[in-house]
Every structure is written in C-alpha cells, then in structure tokens.
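First up is the structure itself, then whatever we jot down about it.
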Amino acid sequence: MKIAVLGTGMVGNALGTKLVELGHEVTMGSRRANNEKALQWAKPLGARARSATFADATTFGEIVFNCTGGAHSMEALETVGPEPLRGKILIDVSNPLQQADDGSMIMAFCNTDSLGERIQKAFPSTRVVKGLNTVNCEVMVNPSLVPGDHNLFICGNDAPAKKEVIDHLSAWFGWKPENIIDLGDITAARGTEMMMPLWMRLFQGVIGHPHFNYHIIRGR
Ligand SMILES: NC(=O)c1ccc[n+]([C@@H]2O[C@H](COP(=O)([O-])OP(=O)(O)OC[C@H]3O[C@@H](n4cnc5c(N)ncnc54)[C@H](OP(=O)(O)O)[C@@H]3O)[C@@H](O)[C@H]2O)c1
C-alpha cells in the first residue's frame, strides 16, 4: 500500500520504519522536501522510503498518518489543502501539546474542542480517525512491549473508516481487534487527547519509561 506519514519526529520514524519493513511504500512528509531528518530516515530503508513535502506525501498516500506536532498540525495540513486528502482515511496520532512558560507540557486547547475535531471540521471530505495517540510510538508498532491485554481508543464519524483502521492496526502492528475500543464520533477525541497529562505524569513521575498502557476492565 502507498502510505503518507506526515511528521519527521519519533512517531513518524517509528510508524514509517515499521510500515516499510512490512513491504509498504512510505513517503514521509515535512515542511521541506529535503528535510534532513526525513532523508536520514529514508536512507537505510531503500527505495520504498521517500521524503517529500506534506502536500506531496499526502498526494502519494492512499492512507495518511498525521504525526505532526499537535499544536502545529493545522498549519501543516493547511499546506496540503483539501484535494490531496479528499476521500482518504487520515489517522490522527497527534496530541495538541505545547510548552507552558514554566516548561511543563500543557494542552494547547481541550475540553470543548480537540485536534481530531479541528481536522475533521477543516477537511470535511476526509475520513478522520483519531487513534494511537494514547500510547508511546514504540508501543504503537509493537503492542507486545506491554505484556497482556491493553487497549487502544479510536473515534471518528465514518464507521467503515474505523473498521478499516482497526483491520490495519491489527494486521500491521499486531493490535488485537477486541482490544481496540471504538468511542464513537470524533468528539471523543477530546477525551483521548486529554489523557495526555495523565500519561505524562505516569511516564515521568511513576513508571519512568514509556512502555505502559491503559487497560479497561469491565464489571458485570
Ligand atoms: N512521542 C510519542 O511516542 C507520541 C505518542 C503518541 C502521540 N504523539 C504525538 O505525535 C505527534 C508527533 O510527535 P513527535 O514527537 O514524533 O514529533 P514532533 O516533534 O511533535 O513533531 C514533528 C513534526 O511537526 C512538524 N511541525 C513542527 N512545527 C510545525 C509548524 N509550525 N508548522 C508545520 N509543521 C510543524 C515538523 O515539521 P518539519 O518536519 O518540517 O520540521 C515535524 O514534521 C505529536 O503531536 C505528539 O503529541 C507522540
């Protein structure tokens, strides 16, 4: 499959590398076609890995991952415009975090809004599925780094798109479909994005490494 991975950070690297290893063709998007980090990512992976602008990568992809810095994702996607995204599934992995004056990471917007919603609203012909944003990028592509059963959350307005994403996450990365919880429409992204302050406190203050995840246990 032809896949666009928008973002040259650790998430774009982890997803892009795994997808190329699986045999997909991946173009990593950036503000500049010759972004050094994208070129370095592509070099050892061979001909199936390429770098391009956000717009050209999206045009190439049959499916698109948004892995840009969440406080800047709208800027990044505005450089793409609606046409390359029309009808495509966009898996929004990003969280709208920004650095506060005291150096801590805070939500750039939340509560009554979310990045998933902003993207869906700005690109109504795109099938936005929020997902993978509540786990570290190494866990995204290798859930067995966390032992036992644990959950992913997805949401979006397009039910067939969510079904397709569940199939991909299962086939590509090994997520058990029964462990992927569909929270409903895209407004549920408010909740999954707001899990970030808790995730960061667990990471920095309690567990000390990023290989952990949430597991929802249902009572009878
Ligand atoms: N780290 C994790 O394990 C993890 C887990 C779950 C979710 N997330 C989320 O995944 C996203 C990616 O995280 P990351 O750490 O891999 O990368 P990042 O450093 O948060 O973002 C890097 C990307 O953002 C783009 N960007 C930055 N400022 C921009 C601007 N003003 N306009 C347009 N694009 C801009 C950069 O473009 P250039 O390439 O042009 O520099 C780059 O491609 C974030 O939203 C993060 O919250 C991260």
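Start at 1 and go down the list; that is how both ligands and their atoms are numbered. Predicted model only: the values in this text are computed from it and were never measured.
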* Can you tell me which residues line ligand 1 if we count any heavy atom under 4.0 angstrom from one of its atoms, in chain and number order? => Gly7, Thr8, Gly9, Met10, Val11, Ser30, Arg31, Asn35, Phe54, Cys67, Thr68, Gly69, Gly70, His72, Glu75, Ala76, Val93, Ser94, Asn95, Asn133, Val135, Asn136, Cys137, Met140
* Within residues 121-130 or reaching into it, pairs that qualify as salt bridge (charged side-chain N to carboxylate O under 4.0 Å, His left out) - sequence neighbours excluded ->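 Sorted result for residues 121-130: Asp92-Lys130, Arg127-Asp158, Lys130-Glu193.
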* Under the salt bridge (charged side-chain N to carboxylate O under 4.0 Å, His left out) rule, what pairs show up with a residue in residues 29-50, not counting sequence neighbours? ->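 Matches after skipping sequence neighbours: Glu25-Arg50.
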* Apply side-chain contact (heavy atoms from CB on, under 4.5 Å) to His72 and list each qualifying residue two or more places apart in sequence or on a separate chain. =>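 Scan of His72 (side-chain contact (heavy atoms from CB on, under 4.5 Å), adjacent residues dropped) gives Glu75.
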* Asked: What is the ring orientation for His150 with Trp175, classed by angle as parallel under 30°, tilted 30 to 60°, or perpendicular over 60°?
  -> perpendicular
* Within a radius of less than 6.0 Å around CG of Asp101, do more than 12 heavy atoms belonging to other residues, nucleotides or ligands occur? -> no
* Salt-bridge present (Arg86, Glu83; N to O < 4.0 Å) ->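 Yes, charged N to carboxylate O under 4.0 Å.
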